[in-house]
Amino acid sequence: MLTADCDHKFSKYSFHDLLTLAEAAERLGKRAMELGLISSLTVHLFPDCWQFSLANGQKSELLTPEEAYLRFKKLVQQFESSAKGTQK
C-alpha cells in the first residue's frame with residue numbers, strides 16, 4: 001500500500017494509493033501549467049494506469065504518476081520559493 005504523510009506546504013496533495021497519487025500529480029501538473037512552468041500536459045487514462053505526457057519541442061516524455069508527482073511538486077516548490085525570495 002502506498003501512503004504519504006501530509007506536509008505543511010502540500011497538505012492538499014496527500015495520497016494513500018496509486019489513484020489518489022495520480023490525481024495529485026494531475027493537480028500539480030495543472031498548477032505548473034498555470035504558472036507557466038510547463039507548456040503542455042496530457043494525461044492518458046488507461047484502466048490499469050495513468051501516463052503523463054509532457055511535450056518538449058519535437059518529442060514528448062511519458063511519466064508515471066510517481067515521476068510526474070515528484071517532477072511537478074519540485075517545479076512548483078522551486079517557483080514558490082523563488083517568488084518568495086523576490087518579494088523580500
K.L.:
L62 and E67: which non-hydrogen atoms are nearest, and at how many Å?
P.N.:
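Looks like O-OE1, 4.2 Å.
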
K.L.:
Grab the two heavy atoms, one from A55 and one from S40, that are nearest each other, plus how far apart they are.
P.N.:
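Closest pair (atom of A55, atom of S40, distance): CB-OG, 3.2 Å.
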
K.L.:
Using the side-chain contact (heavy atoms from CB on, under 4.5 Å) rule, take L28 and R71 through it: C-alpha gap first, then chi angles, then the decisive distance, then the call.
P.N.:
CA-CA 9 Å; L28 279 169; R71 168 113 27 114; over 6 Å; no

K.L.:
S53 vs H44, test: side-chain contact (heavy atoms from CB on, under 4.5 Å). Steps then yes/no.
P.N.:
CA-CA 8 Å; S53 177; H44 303 277; 3.6 Å; yes

K.L.:
When you measure from the side chain of E80 to the backbone of Q77, do you find a donor-acceptor pair of N or O atoms at a distance under 3.5 Å?
P.N.:
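Side chain of E80 to backbone of Q77, a donor-acceptor pair under 3.5 Å: no, none is there.
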
K.L.:
Is a salt bridge present between E26 and R31, judged by a nitrogen-to-oxygen distance below 4.0 Å?
P.N.:
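Salt bridge absent between E26 and R31.
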
K.L.:
For E66 and L21, work out which heavy atoms get closest and say how close.
P.N.:
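Heavy-atom minimum between the residues: CG-CD2, 3.6 Å.
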
K.L.:
If you measure from CG on L54 to NZ on K59, what distance do you get to the nearest 0.5 Å?
P.N.:
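One finds 12.0 Å between CG of L54 and NZ of K59.
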
K.L.:
Should L37 and F72 be marked as a side-chain contact (heavy atoms from CB on, under 4.5 Å) after you check the CA-CA gap, both sets of side-chain angles, and the distance that decides it?
P.N.:
CA-CA 9 Å; L37 303 173; F72 300 149; over 6 Å; no

K.L.:
Kindly compute the distance separating OG (S81) from NZ (K74), expressed to the nearest 0.5 Å.
P.N.:
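Answer rounded to 0.5 Å: 12.0 Å.
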
K.L.:
Check the orientation of W50 and F52. Use parallel for under 30°, tilted for 30 to 60°, and perpendicular for over 60°.
P.N.:
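Judged by the thresholds at 30° and 60°, the geometry between W50 and F52 is tilted.
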
K.L.:
Check for me, please, whether L19 and F46 land in the same ILVMFWY cluster - side-chain distances under 4.5 Å, paths through other members count.
P.N.:
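They do not share one cluster, since no chain of ILVMFWY contacts under 4.5 Å joins L19 to F46.
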
